[in-house]
Amino acid sequence: MKNTKIRKRSNAPIFWGLFGGGGMLAALFGPMLVFITGLAIPLGLLLPADTMSYAKMLAFAQNILGKGFIFAVIALFMWHAAHRIFHSLHEFGVHAGTGCKLLTYGVAFVSTIVAAVILLGL
Amino acid sequence: MSDTQKIIEIEVLRYNPESDQEPHSQVYKVPFTDDMSVLQGAQYIKDNFDGSLTYRWSCRMAICGSCGMMINGVPKLSCETFLRDYYPNRIRIEAMAHFPIEKDLVVDLSGFMEKLEAIQPYIIPKEPRTLEQGEYIQTPSQFAEFIQYTSCINCTLCYAACPQVGLNPDFIGPAAIALAHRYNMDSRDGGQAQRMELLASEDGVYNCSAVGYCSEVCPKHVDPGNAVNVNKIHAAKDYFLRFLSPKGGSK
Ligand code: FES
């Protein structure tokens, strides 16, 4: 590192922003979603048995706010995970190559597109 | 001295660039008293066993920041770390991690010095000020914004602690970023945009993966990790808002 060196601006804010957004969402909704979808519904606790019936879920996903919520949860969780995995790989000595980036952020990108296409088609 | 003299084994990582291919360990049996620091242990070795043992120190009171070393793998100031806390086990002292070793426990700090210089660790006035205008007035709350970050003694223990410094030696690193933050937060300073160029660069704050070990080892509770992470937010704002603001950070 030299003082005279011309430094490239990092484009990390984009990925860090998506990571941060996903992290915030995961902290706010993650445990609740795990509880509802993974424990409460399958075990018949607290919630009516048909809470997550196909008809109700479809209606939820057809509502514009429901769509938005599902999209945000899927896309931002994916970007959050991708960023975390990308950096963990770096920490384990698998260095930040383009391959790693493509694999991690690529999966998040594809998931985002797929989620958007499916949700818009409902 | 009591007749039951306690003796601690100190394993030292030795390296002499003139004769050694690579560093090697050497163990010394050092008689000690309860008030002896690890630094004094090293001094005992130098005075009694091997005068060529090389290490840095000055104040012996945790304020000059020159006596940092790895003590059982943890970056610490050796003058405020006591032998009694390790006895009866062996204690291992090594040069600080992530720095090139110059000799024995002395590391080459020139990389850190360059980084420190690059963040311009001094007040860059917003506009020229004449003597007649008198002193700057600062409120207690303006003072509170930066005072914590002025406590840095440049001991570089945080660099030895930071896994990202270990992976990318060009990363500006915790202490230099904490100092950049110290001046950025000062109401007298107007150098934020200049420093932002560095903080937002590929060598800047986003190298940090929020491990937080830097803040843990800091002997002055500067919390450099916090400075780094606050600046991720500043750099992100600068990134997205630079097109809106005519004075937006760097190119
Ligand atoms: S000798 Fe000055 S900090 Fe330890």
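Order of the sequence lines sets the chain letters (A, B, ...), proteins ahead of strands, with each chain counted from 1.
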Side chain to side chain contact (heavy atoms under 4.5 Å, CB included) between B:Asp238 and A:Arg9: does it pass, once the steps are laid out?
CA-CA 11 Å; B:Asp238 187 69; A:Arg9 184 191 265 275; 2.7 Å; yes

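Proximity to chain A (any heavy atom under 4.5 Å) is shown, for B:Ile233, by both the backbone and the side chain. Interface remark: B:Lys232 contributes backbone and side-chain atoms alike to the contact with chain A (heavy atom separation under 4.5 Å).
In plain terms, the two heavy atoms of A:Pro13 and B:Ala235 that are nearest each other are CG-O, 4.3 Å. Closest non-hydrogen pair, B:Ser201 versus A:Ser10, comes out as O-CB, 3.5 Å.
More than 12 heavy atoms of other residues, nucleotides or ligands sit less than 6.0 Å from atom CG of A:Leu45. For B:Phe240, the CZ atom sits in a packed shell: over 12 heavy atoms of surrounding residues, nucleotides or ligands are nearer than 6.0 Å. In A:Met57, the CE atom is crowded: over 12 heavy atoms of neighbouring residues, nucleotides or ligands sit closer than 6.0 Å. Applying the 6.0 Å contact sphere to CZ of A:Phe109 captures no more than 12 heavy atoms from other residues, nucleotides or ligands.
Of residues 152-168 of chain B, those residues with a non-hydrogen atom less than 4.5 Å from any non-hydrogen atom of chain A are, in numerical order, B:Gln164, B:Leu167.
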